[in-house]
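A quick write-up on the structure given underneath.
Numbered from 1 within each chain, the chains take letters A, B, ... in sequence-line order. Treat the numbers as computed from the prediction; the structure is a model and nothing was measured.
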Amino acid sequence: MEEQVPSLGSGVESAVARAMARVLPEQAGADPLVRPSERADLQSNAALAAARTARTAPARLAGSLAEALREDRTAPIARVEVAGPGFLNVTLTDAALWHQVAARAADPRLGIGTPERGRRTVIDYSGPNIAKEMHVGHLRTTIIGDSLARILGFLGGEVVRQSHVGDWGTQFGMLIQYLDEHPDARWHQADLAADTDAVSALDQLYRAARALFEADADFADRARRRVVALQAGDPPTVATWRTIVAESETAFGRLYDRLGVLLTPADYAGESTYNDQLAGVAAELEAAGVARLSEGALCVFDPAFTGPDGAPVPLLVRKSDGGYGYDTTDLATIRHRLRDLRADRLLYVVDARQSLHFAQVFAAARAAGWLPDTVEAVHVAFGTVLGPDGRPFKTRSGGTVRLAELLDAAVTRARAVVAEKNPGLPAAELDRIAEQAGIGSVKYADLSTARIKDYAFDLDRMVSLSGNTGVYLQYAHARIRSLLRRAAEQGLAPDPAAVDGTVAPAGAERRLVLLLDRYAGALSDTVAGYEPHRLCGYLYSLAKAYTEFYETCPVLAAGTDAQRANRLVLSALAADTLRGGLDLLGIAAPDRL
RNA sequence: GCGCUCGUAGCUCAACGGAUAGAGCACUUGACUACGGAUCAAGAGGUUGCAGGUUCGAGUCCUGCCGAGCGCGCCA
């Protein structure tokens, strides 16, 4: 049943390639350079590119290619014209256009193939800190990483999610000691009210512990001893630590559920899971001659990375006190993901400010031989979320903005917008829609700008009903569902088998078909640069193209039965593509809004 | 000092090296007995920071400037 439907673009590519092979055999392997066109269904720029090496005038070569294409009976081409300096403007046959619509609509995957099949990608994202509330700084890694994981998985790839949870460090000695001395403190989820959670309680207790640590030297001593006990595996200390971790992970899970993020406890691979590998990592690097001792610390010096004094900046594999920092744990993740998880590709969805760190870590891992040239390791870097003042987003008092309250604010705003426009909604449905629209707004706003850039968090723009927003896409989808419901009331259902290839599509209809056929291309563009905003841009143009179609092409009141049958299938395919695309962004597509 | 990233319409942002640089917001004008007007159409708005270079063709690639942000030994 599931069947890949090659795009019309790829069909034209092969046709141009065949034409090239006939007209210019020595450049048979050249890129056909087939692109969407404003002046035709598709265009090929192959003649322009090939003319120089062929020592031919581009227009002349284009003419020869056009002639060859006209003789190609297997190509889905109705007309080829040479334009400008040598562009090939291609018009497709109506039958080919409708065939794509019917074939995609008939397939549960909309004819999208599985180009990622056989490739295993380990993707590192989210990575919240145990006993600390998730804040705005976790928003982008969580949302971008989850979307990439969904897309790679949909394209047939094997995806291993890894959340590098901050579950280890000296701060836990402080917290555990404080909890031990304050047995009355309530932080287990079972002891808390439903509207709060363990991680929120633990975060507050940690702040209290920190304050005490700085004010009370005796407590500080006891806290330090507790760190040693934790590292030594002291059973009661470890038991408390485990409970803290478990309670925190449960709380993260609740937030992930709300956000529509796929991470599960099985995906948590915290820093502590690498503890017993760190000495081995250091030893291997030293034995391989990649790392050497400097001022008591084991370091990797790479002349490619220099500091203010012009000397190489070290990667700290082992600190002079014998401890290990995040340089080492990140090196350990690479070794583990290659050796044990057998990754074919590594993605680290981490703040752009860590770019030097990852460049160093990747270089060291390559030098150590852990990371072969055949395996791509990518720092999927993203910019900072800014506040209205253009500075990193903080609360008015300068504190971090909790993710939960950010989402609450968006949902509240979305509820007001929906309630105003649709006053008749029952309260329960309003709640559900406000949640989906509000969460979707935040996620879409984050995903829809180029990830490397900073962006300003602006709720008013995010929940806007027009423009490139999540709500607009949700609305476009809901309106098509509404149309299909109305059709169903009249006993009309979209039937791909009933699509009539002899119907001449109207202009807006034709543009919509062509765009729908580019879905796979949009996904591969998105994966090529690990840039979800490309998928967003595609879906936005699709929503606009459907609206234009909707305005000018009556569906239920179409001129002929054949036209109506075709438009019903076209509408269903547009709705399914919007919903599928939104799902790959991790955004809900409700049937009503 | 060195390195990374960014600079596109008044604002927020797009644009696999392709033709006349596109959207949204805001602004102007027009269209509602309407398959959801929560919409659409049209108009106006640009020396793509500056200067060179590569190319048949540059917002895109290269070099140098200018401006902004970020980063650069034992925090993560």
Report task. Under 4.0 Å between any heavy atoms, over every strand shown, what does A:Asp460 touch: base, sugar-phosphate, or nothing? Just pick one. Result -> nothing
Query raised in the report: Mind checking whether A:Tyr274 and A:His336 have parallel, tilted or perpendicular rings, split at 30° and 60°?
Result: perpendicular
Query raised in the report: Quick one: does NZ or CZ of A:Arg479 land under 6.0 Å from the six-membered ring centre of A:Tyr550, within 45 degrees of the ring axis?
Result: yes
Query raised in the report: What integer number of Å spans the C1' atoms of B:G18 and B:U29?
Result: 35 Å
Query raised in the report: Near RNA chain B, which residues from residues 314-327 of chain A have a heavy atom under 4.0 Å away?
Result: A:Pro314, A:Leu316, A:Lys319, A:Ser320, A:Gly325, A:Tyr326
Query raised in the report: Hey, is A:Phe305 doing a stacking thing with B:G3, by the 5.5 Å centroid and 30° angle criteria?
Result: no
Query raised in the report: Among B:G18, B:A19, B:C72, which nucleotide sits nearest the side chain of A:Ala83?
Result: B:A19
Query raised in the report: How would you label the contact of A:Val555 with the nucleic acid (heavy atoms, under 4.0 Å): base, sugar-phosphate, or nothing?
Result: base
**Report entry** A:Tyr348 side chain reached by A:Val380 side chain, heavy atoms, under 4.5 Å
**Finding:** no
Query raised in the report: Between B:G46 and B:A9, how far is it from one C1' atom to the other, in whole Å?
Result: 6 Å
Query raised in the report: Is there a side-chain polar atom (N or O) of A:Arg479 under 4.0 Å from OP1 or OP2 of B:G37?
Result: yes
**Report entry** Interface with RNA chain B, restricted to residues 379-388 of chain A and to heavy atoms under 4.0 Å
**Finding:** none
Query raised in the report: Is there a side-chain polar atom (N or O) of A:Arg534 under 4.0 Å from OP1 or OP2 of B:A15?
Result: yes
**Report entry** ring-ring contact (aromatic ring centres under 6.0 Å, His included): pairs with one or both residues in residues 449-473 of chain A, sequence neighbours excluded
**Finding:** A:Phe393-A:Phe457, A:Tyr472-A:Tyr540
**Report entry** B:C50 to B:G7 separation - P atoms, rounded to the nearest Å
**Finding:** 13 Å
Report task. Summarise how protein sits on nucleotides 21-31 of chain B as a single string, 5' to 3': B when a protein heavy atom is under 4.0 Å from the base, S for sugar-phosphate-only contact, - for no contact. Result -> --SSS------
Requested in this report: Could you tell me whether the phosphate oxygens of B:G69, OP1 or OP2, come under 4.0 Å of any side-chain nitrogen or oxygen in A:Tyr455?
Outcome: no
Can you check nucleotides 4-9 of chain B for protein contacts, nitrogen or oxygen pairs under 3.5 Å, and list what you find?
unit_1	atom_1	unit_2	atom_2	d
B:G7	OP1	A:Lys453	NZ	3.2

Query - Secondary structure of RNA chain B in dot-bracket form (Watson-Crick or G-U wobble, distances below 3.5 Å, | marking inter-strand pairs) - result: (((((((..((((....[...)))).(((((.......))))).....(((((..]....))))))))))))....
